[in-house]
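Any value given below was found using the heavy atoms of this structure, including those in side chains, with hydrogens, waters and symmetry copies removed. Sequence lines set the chain letters: A, B, ... in the order given, protein chains first and strands last, and positions in each chain run from 1.
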There are 2 protein chains.
Amino acid sequence: MRTYGQYCAVAKSLDVLGDRWTLLIIRELLLTHAARYTDLRNGLPGIATNLLAERLRELERAGLVAREEAAPPIATTLFSLTDRGRELEPVLHALGRWGLPYMAGGPAPGDAFRGHWLSWPAQEFLHDQAPDGPPVAIAVDVDGEEFVIECSAGAITVRDGRAERPDARLAGSPHAVLAVLTGGAQLDDASSALGLRFEGDREALLRLVPSPRLASVRP
Amino acid sequence: MRTYGQYCAVAKSLDVLGDRWTLLIIRELLLTHAARYTDLRNGLPGIATNLLAERLRELERAGLVAREEAAPPIATTLFSLTDRGRELEPVLHALGRWGLPYMAGGPAPGDAFRGHWLSWPAQEFLHDQAPDGPPVAIAVDVDGEEFVIECSAGAITVRDGRAERPDARLAGSPHAVLAVLTGGAQLDDASSALGLRFEGDREALLRLVPSPRLASVRP
DNA sequence: CCGCATCCGGGGCGATACTG
DNA sequence: CAGTATCGCCCCGGATGCGG
């Protein structure tokens with residue numbers, strides 16, 4: 001990117017991050033911790049393959065991304081954030097929170113969606129309201145992509161994949177699941193109005209779901 | 001800007017903010033509260049005038065910027081942020097904090113500088129360590145641009161212009177002043193190594209300057 | 001298959017000139 | 001003062017090819 005040529009911290013940040021797709025690549029690496037080139041392509045629908053390669057090179061040169069060549073039997077390349085790259089988490093969180101209102105109406109026609117994009121709002125908005133209770137696991141199925149929200153002793157973790165024996169199952173559109181996760185819709189309202197499907201232990205979910213707040217995604 | 005077409009809050013934010021110069025225009029409006037077109041041009045050295053006009057139109061359409069035509073005797077246009085635009089303050093703060101390390105070496109050759117760009121670090125890093133003390137005012141002169149840091153009853157305010165009877169005067173390069181404001185350099189070190197000039201009540205400044213911390217700009 | 005490199009068309013961007 | 005007009009150029013998007 002052409003530099004702004006300004007002795008200002010915001011401009012200096014944008015000199016590094018301002019190129020198209022750069023911050024979304026950071027998003028993917030923050031959400032996945034370590035990803036192959038193909039994983040990144042899949043998490044960034046719409047990116048041109050040459051741009052992804054070029055951005056990764058630039059981010060490596062800037063010291064935000066590390067490239068790890070796996071041992072011969074595996075023969076693949078893993079991309080991950082350096083410490084300096086992980087320091088961008090507050091920036092991505094601020095951007096995500098500011099953009100939440102644009103999610104309210106549901107996806108625009110043609111919008112792509114990936115299940116793991118919801119792991120940020122799950123981490124950010126859910127809180128364990130009964131830290132002394134037993135651990136719970138909630139399986140989430142969004143447009144066929146599945147992940148698991150686990151809660152134990154006050155800590156929330158989100159991981160990809162299927163749960164073995166979840167306490168509850170949540171399934172529906174991205175919009176419906178997001179509305180429930182951010183506290184913008186009550187479970188029953190989302191079921192009737194947004195087609196959300198819920199089964200299992202109702203208490204397990206209600207333990208985590210926040211009360212409605214300003215930053216939420218309302219139906 | 002061409003939309004990313006992703007149902008993700010970060011991507012939706014970047015659909016609005018991702019164009020070149022857009023976030024720097026927001027920076028100017030956050031720092032100046034209300035600015036004329038010419039003020040914005042002056043605070044954004046390097047921008048092409050057609051781009052500034054186009055960005056302002058887009059930001060107005062997006063509901064982030066309001067254009068106010070002053071009454072006939074004044075005959076000028078004022079641009080300011082809407083409430084929604086001001087909600088970007090956390091985003092700009094996060095970007096500024098992340099970019100601080102890039103300021104450590106001083107300006108790159110050819111870098112432009114404007115005095116009011118320092119008002120953010122002044123607000124962010126200075127704290128009144130003696131809220132019960134008398135009000136103080138410190139005049140700052142950076143490359144000929146002047147502003148005033150005022151402190152009263154624990155609150156820090158920064159404004160452009162000259163102080164009538166400041167308790168202290170601080171003058172020097174952007175790099176030197178920034179290093180002192182962020183706590184990266186002690187006053188004496190900055191004087192000897194960075195050519196900082198200081199006169200007046202030393203206690204007035206030491207009351208505000210933070211102790212060295214990680215996010216500071218070191219010489 | 002994975003991780004790119006190359007090629008090409010179109011549009012965003014940069015610089016300057018000009019205007020009510 | 002607050003823009004519009006114009007014109008290269010380079011970044012970006014989309015497709016294809018290619019070595020390990």
Take Y37(A) and T49(A) through the test side chain to side chain contact (heavy atoms under 4.5 Å, CB included) and record every step on the way to the result. CA-CA 9 Å; Y37(A) 187 89; T49(A) 173; 2.8 Å; yes
Give the residues of residues 49-58 of chain A touching DNA chain D, defined as any heavy atom closer than 4.0 Å, sorted by residue number. T49(A), N50(A), L51(A), R55(A)
Could you walk me through whether V177(B) and L118(B) pass the side chain to side chain contact (heavy atoms under 4.5 Å, CB included) test, one step at a time? CA-CA 9 Å; V177(B) 172; L118(B) 283 181; 3.8 Å; yes
Tell me whether the guanidinium CZ or amine NZ of R57(A) lies under 6.0 angstrom from the six-membered ring centre of F79(A) and within 45° of its axis. no
To the nearest Å, give me how far apart CD (E69(A)) and P (dC2(C)) are. 15 Å
A side-chain contact here means heavy atoms from C-beta on lying under 4.5 Å apart; do R41(A) and L52(A) qualify? yes
Between A104(A) and H175(A), the two heavy atoms sitting closest are O-NE2, 2.8 Å
Take the protein atom CD of E68(A) and the nucleotide atom P of dC2(C), then report the distance between them rounded to whole Å. 17 Å
Regarding H116(A) and E145(A), is there a side-chain donor-to-acceptor distance under 3.5 Å anywhere? no
Full working for side chain to side chain contact (heavy atoms under 4.5 Å, CB included) between L95(A) and L14(B): CA-CA 8 Å; L95(A) 276 172; L14(B) 294 176; 4.2 Å; yes
Quick one: on DNA chain C, does Y4(A) or L78(A) contact a more 5' nucleotide (nearest heavy atom)? L78(A)
Examine dG12(C): is either OP1 or OP2 under 4.0 Å from a nitrogen or oxygen in the side chain of R2(A)? Give yes or no. no
Give me the residues of residues 14-47 of chain A where at least one heavy atom lies under 4.0 Å from an atom of DNA chain C, by number, or none. R36(A), Y37(A), T38(A)
T76(B) has a side chain; which of dA2(D), dC2(C), dA15(C) sits nearest to it? dA2(D)
Taking it one step at a time, do T82(A) and R86(A) satisfy side chain to side chain contact (heavy atoms under 4.5 Å, CB included)? CA-CA 6 Å; T82(A) 63; R86(A) 251 184 308 275; 5.8 Å; no
